[in-house]
Amino acid sequence: MSSLDQKTMPVTVPRDGIWLRLALTLEGTVRRSSYARQILCSQQFNVARTCWTLADLNFLRFVLQLIYNTQGQIRMSALATECILSLRQFERRFKQRIGVSPKVFARFLRFEALLTSLLQEPATSLAEVSSHLGYPDQAHVIHEFKTWAGCTPAAFLVRAKQREIRGPIVPDPRYVFVPLYII
């Protein structure tokens with residue numbers, strides 16, 4: 001690794017592609033969960049993003065792409081192997097750069113996939129959705145829902161249906177969503 005890659009300097013992070021997906025994931029998670037809000041609004045999370053190097057950006061781009069492509073259904077040991085790091089080194093490096101462990105981040109993404117699946121196909125059984133997304137059983141899905149959304153899947157679907165009936169939350173179609181966490 002060159003000395004230029006190791007220096008901490010202001011690095012311009014693009015606001016599209018994988019970085020936009022990361023920002024949207026973090027924004028959505030914070031809006032849904034007080035538990036996530038505690039994690040992602042912590043000083044550790046905010047400090048972690050201020051001292052990235054060029055090597056960090058390359059590492060994060062590679063790792064985030066793998067996690068997003070698998071919707072969080074990848075073993076951390078497989079990610080560490082892909083990065084040619086030990087599991088402990090990988091976890092430490094990811095947490096120092098993002099502010100949360102890679103496993104917690106993968107849980108965010110798996111939950112996002114669960115939400116998308118439930119909203120697109122509300123008639124599908126929870127057991128079927130849970131097995132498709134790699135959850136061991138329906139109880140784990142309900143636990144994840146309570147952790148990240150603060151309610152059960154059934155209560156979430158009722159609220160989603162009520163929002164659909166009331167119309168869009170933002171009535172102006174020209175509104176452009178700008179996430180709070182642009183990295």
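Note that this is a predicted model, so its numbers are computed, not measured. Values below: every heavy atom of this structure, side chains too, minus hydrogens, waters and symmetry copies.
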Exercise for the section: Fit a plane to each ring of Phe108 and Phe105, take the angle between them on a 0 to 90° scale, and name the class: parallel (under 30°), tilted (30 to 60°) or perpendicular (over 60°). Expected result: perpendicular
Problem - Heavy-atom pair with the smallest gap, counting every atom of Pro153 and Leu126 - result: CG-CD2, 3.8 Å
Exercise for the section: Please test Leu114 against Phe156 for side-chain contact (heavy atoms from CB on, under 4.5 Å), starting from the C-alpha separation and ending with a verdict. Expected result: CA-CA 12 Å; Leu114 176 63; Phe156 175 81; over 6 Å; no
Exercise for the section: Specify whether Phe111 and Trp148 have parallel, tilted or perpendicular ring planes, treating 30° as the upper limit for parallel and 60° as the lower limit for perpendicular. Expected result: tilted
Exercise for the section: Measure the shortest side-chain to side-chain distance between Met76 and Ser101 over non-hydrogen atoms and say whether it is less than 4.5 angstrom. Expected result: no
Practice task
Flag this pair as yes if the NZ/CZ of Arg93 is under 6.0 angstrom from the six-membered ring centre of Phe59 and inside a 45 degree cone about the axis; otherwise no.
Solution key: yes
Exercise for the section: For residues Arg107 and Thr147, determine if any side-chain heavy atom of one lies less than 4.5 Å from a side-chain heavy atom of the other. Expected result: yes
Practice task
State plainly whether one hydrophobic cluster holds both Val158 and Val141, where clusters connect Ile, Leu, Val, Met, Phe, Trp and Tyr through side-chain heavy atoms under 4.5 angstrom apart.
Solution key: no
Completion exercise
For Phe62 and Glu82, the nearest pair of non-hydrogen atoms, with its separation, is CE2-O, 3.7 Å
Practice task
For atom CZ of Arg75, decide whether the heavy atoms of other residues, nucleotides or ligands shown that lie under 6.0 angstrom number more than 12.
Solution key: no
Problem - Beyond-backbone contact of Phe145 with Leu118, side-chain heavy atoms, under 4.5 angstrom - result: yes
Handout entry: Approximate separation, where rounding is to 0.5 Å, of Ile142 CD1 and Lys146 NZ
Key = 7.0 Å
